[in-house]
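Quick note on labels: first sequence line is chain A, next is B, and so on, each numbered from 1. Hydrogens, waters and symmetry mates are skipped; everything else that's a heavy atom, side chains included, is used.
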Amino acid sequence: MSQEVAILGVGMHPWGKWGKNFVEYGVAAAREALADAGVPWQDIRFVSGAATIRCGYPGYVAGATMAQALGWQGAEVNTSYAACASGSQALAAARAKILSGACDVALVVGADTTPKGFLAPAGGYRPEDPDWVRFYLGITNPTYFGLYARRRMDVYGDTLEDFAAVKVKNAAIGSKNPRARYKKCFTAEDVAASAMVADPLRLMDICATSDGGAAVIISSLEYARKMGKGDAPRVAAISTVTPTFASEVVEMPDIATDSAAAAGVDAASYRAAIPLKAYEEAGIGPEDISLAEVYDLSTALELDWIEDLQLAQRGEAAHLLRRGDTSVGGKIPVNASGGLASFGEAVPAQALSQICELTWQLRGQAGERQVEGARVGITANQGLFGHGSSVIIKK
Amino acid sequence: MSVKPLVPAIEGWHTMDTAQPHLIGTRCCDCGTYFFPKQSSFCKNPSCEGSEFEEVELSRTGTVWSYTNACYKPPTPFVAPDPFVPYAIAAVQLEHEQMVVLGQVVAGVDCADLKVGMPMELVLETLHEDEENTKVTWKWKPSA
């Protein structure tokens, strides 16, 4: 039996700093996705929401919140929270419901309204909370991105110019995306002139936080065929694996890695493990990938992901970048949407926005961003506390 | 002028031997996995069901896994001097424990002075002061 489901429709509210209730973004994205699918809202039997933890109780029950906002019609609901992978986990819940035969067609939706300024931990003296500890000791989110970037420079020979080139590439293609928050093109000089935040990363190397909403309608293949959409792009794999002990890379918000001193324990990279299960589940390899949407929280991190997805040998992602291979028109375009560099991160919507972009690309509807002949796309992201995901979409 | 007493910023995470300080961790009595911060109720090695731990001093030297700095003042609970002074941060690999530990780098050393693989040692330095005490924490320093 096929483990695939069809993507009938996708929709996104544009990313920005709009300051409205997150429900508005979710409803706008859901209505666009329903219209794109040609499925009436009343026919949706399962609503799978990605939670936001920044918008109070309605955010914790995002699936129900969106169902109520669209008009209660009796559908079953679910809400997933998995940090940056929340959207993928909500998608996995909907896929499971469909593959079990419990429903034919489902809405997956995530939206967020982000607060202004730093996200500070709760106060007091709380050394049992690793997030409190690292802030007390002066270690912020950009610290981790800076550590990963510096290691690339010292170990692989990446340069500041390489990191700037990622921003220039993503800003150029993002300027052609009507749903992106930032539509200005930048030069390497602009990046070099921005303030240093966490050496070697400057302000323009690090992504912002944004408001946004994204939605996907998925169905059984049989339902899709009955609608005359048997050729719709399909979800071929969803990986939401957790890490294996011991961690090789120090991860936010930890102050140390696991120890790999015990017999039989090897240190392993979590990031690299995430896509492995996706490739295995889809029965394809990196050589089959037409394009990738990866979580460029920093410019340097995009290069790490290219290697984690095995689109380049370890340490060689910058070679692809320098040859133009990762630009639209190149051999393996990465972040044809403009990536987080152009969007800023809207946590519960971000993994779904990656799927929206791949769907438009595989349908040939990406306009000026179109990757010619796109047949298979892969997403990748990683968040806090052992959450990460990789989704493969194919024609 | 009175000199404020030195107290640890976080109680029990390192020795207060100002010449040769050590981080204080624990070690699983069953499988030998080290933990920092201390773990004392259950072992996180998936093939170990250990629940007994001994307190151990971790190696006070290691090599740089990577490094960066903080150019902007972090939010509270960080207590910043006014004006804020940027500082470097290092992730240091401890060979014996097979783990990487983060920490600030001592004042006066910046990223240009650091390199992956460079030997480092643990020292104590002021994190911040309050009315009564000077709060010290572990920091990394290039080995002489």
A:Val133 and B:Trp13, any side-chain heavy atoms less than 4.5 Å apart | yes
Sub-3.5 Å donor-acceptor pair from the side chain of B:Ser66 to the main-chain atoms of A:Tyr148, do we have one?
-> no
Could you tell me whether B:Glu49 atom CD has more than 12 heavy atoms of other residues or ligands within 6.0 Å of it?
-> no
Might you point out which heavy atoms bring B:Tyr72 and A:Val197 nearest each other, and give the distance in Å?
-> CE1-CG2, 4.0 Å
Over all atoms of both residues, closest heavy-atom pair of A:Gly138 and B:Pro74 | CA-CG, 3.9 Å
Considering all heavy atoms of both residues, which atom of A:Ala262 and which atom of B:Cys31 are nearest to each other, and what is their separation?
-> CB-O, 3.3 Å
Best-contacting candidate, A:Val155, A:Thr143, A:Val250, against chain B by heavy atom pairs under 4.5 angstrom | A:Thr143
Can you tell me if CD on A:Glu128 sees more than 12 non-hydrogen neighbours from other groups inside 6.0 Å?
-> yes
Please check if atom CD in B:Glu11 has more than 12 non-hydrogen atoms from other residues, nucleotides or ligands closer than 6.0 Å.
-> no
Over all heavy atoms of both residues, which pair between A:Ala261 and B:Tyr34 is shortest? Give the atoms and the distance, please.
-> CB-CD1, 3.8 Å
Is the side chain of B:Gln104 donor-acceptor paired with the backbone N or O of A:Leu137 at a distance under 3.5 Å, no angle test?
-> yes
How far does CE of A:Met252 sit from CG of B:Leu102, to the nearest 0.5 angstrom?
-> 12.0 Å
Could you tell me whether B:Glu52 atom CD has more than 12 heavy atoms of other residues or ligands within 6.0 Å of it?
-> no
N/O donor-acceptor pair under 3.5 Å between A:Thr257 side chain and B:Val100 backbone = yes
Check whether A:Phe145 gets within reach of chain B through its side chain, its backbone, both or neither, counting any heavy atom under 4.5 Å.
-> neither
Taking every heavy atom of A:Ala256 against every heavy atom of B:Met99, the minimum-distance pair comes out as CB-CE, 4.0 Å
If you draw a 6.0 Å radius around CD in B:Glu95, do more than 12 non-hydrogen atoms from other residues or ligands fall strictly inside?
-> no
Residue part contacting chain B, namely of A:Ala198, when any heavy atom lies under 4.5 Å = both
Check against side chain to side chain contact (heavy atoms under 4.5 Å, CB included), A:Asp154 and B:Val64 = CA-CA 11 Å; A:Asp154 281 18; B:Val64 172; over 6 Å; no
Considering non-hydrogen atoms only, spot the tightest contact between A:Leu147 and B:Ile89 and give its length.
-> CD2-O, 4.3 Å
Got a second to check how far B:Lys44's NZ is from A:Ser259's OG, nearest 0.5 Å?
-> 11.5 Å
Do other residues, nucleotides or ligands put more than 12 heavy atoms under 6.0 Å from the NZ atom of B:Lys38?
-> yes
Can you tell me how far CD1 of A:Ile255 sits from CG of B:Leu23, rounded to the nearest 0.5 angstrom?
-> 10.0 Å
Most chain A-contacting option - heavy-atom pairs closer than 4.5 Å, from B:Thr137, B:Leu127, B:Val79 = B:Leu127
Relative to the ring of B:His128, is the ring of A:Tyr136 parallel (under 30°), tilted (30 to 60°) or perpendicular (over 60°)?
-> perpendicular
Please confirm whether the backbone N or O of B:Cys111 pairs with a side-chain atom of A:Asp199, one donor and one acceptor, at under 3.5 Å?
-> no
Tell me, side chain or backbone of B:Ala80 under 4.5 Å from chain A's heavy atoms, or both, or neither?
-> neither
Would you confirm whether A:Arg151, through its side chain, and B:Val116, through its main-chain N or O, come within 3.5 Å as a donor-acceptor pair?
-> no
How far apart are the C-alpha atoms of A:Ile139 and B:Phe78, what are their side-chain angles, what is the distance that settles it, and do they pass the side chain to side chain contact (heavy atoms under 4.5 Å, CB included) test?
-> CA-CA 9 Å; A:Ile139 292 166; B:Phe78 186 77; over 6 Å; no
Side chain / backbone / both / neither for A:Val265 at chain B, heavy atoms under 4.5 Å = side chain
Decide yes or no for B:Pro75 and A:Thr140: does some side-chain heavy atom of the first lie under 4.5 Å from some side-chain heavy atom of the second?
-> yes
